[in-house]
2 protein chains.
Amino acid sequence: MELVKMSNGVEWALHSCVTLSQSQEPVPAARLAELHGTPPAYTAKHLQALSRAGIVRSTAGQVGGYTLTRPAAAISVLDVVQAIDGGEPAYRCAEIRQRGPLGIPPEQCVRQCAIARTMAAAQQAWSHALAGVTVADLAEGIDEDSGGTAMADVRGWLLKTRG
Amino acid sequence: MELVKMSNGVEWALHSCVTLSQSQEPVPAARLAELHGTPPAYTAKHLQALSRAGIVRSTAGQVGGYTLTRPAAAISVLDVVQAIDGGEPAYRCAEIRQRGPLGIPPEQCVRQCAIARTMAAAQQAWSHALAGVTVADLAEGIDEDSGGTAMADVRGWLLKTRG
DNA sequence: GTCAAAGTACTCGGATAGCTCGTGTCCGAGTTGACGAGG
DNA sequence: CCTCGTCAACTCGGACACGAGCTATCCGAGTACTTTGAC
């Protein structure tokens, strides 16, 4: 893969975070799924992952739902991606250099091999790019693309459907 | 996932390219698999992918095998990764903004959404990092890690097992 | 009118099937080099 | 001795099972509001 395909739920989770950043009150998973046109149960599953990662907080009961635990400007895209797809790096070195007739004994492998170093550097560049963008940035970008109406529409829809 | 896990065959393909860069004569897939301690048939499958991408050339017959089509310094790690895992980007936008009660009509979506832009930028940073490293660089790095004996050992093993 | 308690409706959370894609393997088509017979 | 044809061995290439992980779903546990009855 490129980086291999990225889990599709990442997109839903990011949209959910952007939507949650527009509401001070809890929003149920079913409401988010309806707004985004995604499967309700599956959307809920990803929100659970965000909850485990400490990005959102869940509230039970009749007026329950999900809320962000911290300001949208303090939540990076990398945080969300790692919450959904796991924090382990995409490339894992199989230590080929230790195998085969020319295998190197493990005690000589104090440093990871050149291939793993290259992959790690690339992943670091990728992570750095994602860590530099916050959910607040995404909301602002989406709003500007729509001419400044998208976020207001979301807030209005959340209020309208809350009753 | 991070970027989700990367295909395991990428590592084998990179090692194979490094090994091929040390031989002017064709090296069969079975020989590469033996040197790397990897499954022969599966290794061959990835070499076929490299062949389709034009990175290696296959030669049939008794003294056949695989050879690099161009100097190792002209083959980037990105080339190999794309050959194995496909050139399509890891993140594909599902166009959530067009769905749901607040869906935006497609004719207004001339530009990809902010989330897709962020992901594309991150992927570009990743690709750039991988494009800046060549197979020749990997060979040099591996050689230095071993104290300057690894590549010579590989050349010696290839000559020894050729007969 | 106030309080308390039971009931109800709504929420999340984890456990459960289906399916695509990566992993691993096999056998057939094609080609090259070697060998032997003939000139 | 040289040439040509046949043979055999070795190579790649694509087609075929297996398994893990993502996709999608459901139902149970828990909580807050509501309602109802008693004081």
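In what follows, chains carry the letters A, B, and so on, assigned in the order in which the sequence lines appear, proteins first and then strands, with residues in each chain numbered from 1.
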Can you tell me if the side-chain N/O atoms of A:Ser51 get under 4.0 Å from OP1 or OP2 in C:dG13? yes

In whole Å, I'd like the distance from the CG atom of B:Leu47 to the P atom of C:dG24. 15 Å

Atom CD of B:Glu11 to atom P of C:dG22: distance rounded to whole Å? 18 Å

Please give, in whole Å, the distance from C:dG13 P to A:Leu50 CG? 11 Å

It should be established whether A:Ser58 places a side-chain nitrogen or oxygen under 4.0 Å from OP1 or OP2 of nucleotide C:dG13. yes

When you get a sec, tell me which of C:dC10, D:dC12, D:dT25 is the closest nucleotide to the side chain of A:Gln62? C:dC10

Charged N to carboxylate O below 4.0 Å: is that the case for A:Lys160 and A:Asp153? no

If you check every side-chain atom of B:Tyr42, which of D:dT25, C:dG24, C:dT31 has the closest atom? C:dG24

When you get a sec, tell me which of C:dG14, C:dT23, D:dC12 is the closest nucleotide to the side chain of B:Ser7? C:dT23

Name the closest nucleotide to the B:Tyr66 side chain, picking from D:dG13, D:dA9, C:dC12. D:dG13

Would you call A:Asp145-B:Arg117 a salt bridge at under 4.0 Å N-O? yes

With sugar-phosphate meaning primed atoms plus P, OP1 and OP2, does A:Ala30 contact a base, only sugar-phosphate, or nothing at under 4.0 Å between heavy atoms? nothing

Comparing A:Pro39 and B:Gly61 on DNA chain D - which has the more 5′ nearest nucleotide: B:Gly61

Atom-pair distance (CZ on A:Arg92; C1' on C:dT23), nearest Å: 11 Å

Atom-pair distance (CZ on A:Arg31; C1' on C:dC12), nearest Å: 14 Å

Where the side chain of B:Lys45 is defined as all heavy atoms beyond and including C-beta, which of C:dT25, C:dG13, D:dG13 is the nearest nucleotide? C:dT25

Using whole Å, report how far CD of A:Gln48 lies from C1' of D:dG30. 14 Å

Separation of atom CD1 in A:Ile84 from atom C1' in D:dC22, rounded to whole Å: 12 Å

Does any donor atom in the side chain of A:His36 or A:Thr19 lie under 3.5 Å from an acceptor atom in the other side chain? yes

Consider side-chain hydrogen bond (donor to acceptor under 3.5 Å, both in side chains). Of B:Arg97, B:Arg99, B:Arg92, which one does B:Glu95 pass it with? B:Arg97

Of the listed D:dT11, C:dC26, D:dA24, the closest approach to the A:Trp12 side chain comes from D:dA24

If hydrophobic clusters are built from ILVMFWY residues whose side chains come within less than 4.5 Å, do B:Val56 and B:Trp12 share one? no

Quick check for you: among D:dC26, C:dT11, C:dT31, whose closest atom lies nearest to any side-chain atom of A:Pro28? C:dT11

Distance check needed: C:dC21 C1' versus B:His46 NE2, whole Å only. 13 Å

What nucleic acid atoms does A:Arg52 come within less than 4.0 Å of, heavy atoms only: base, sugar-phosphate, or nothing? sugar-phosphate

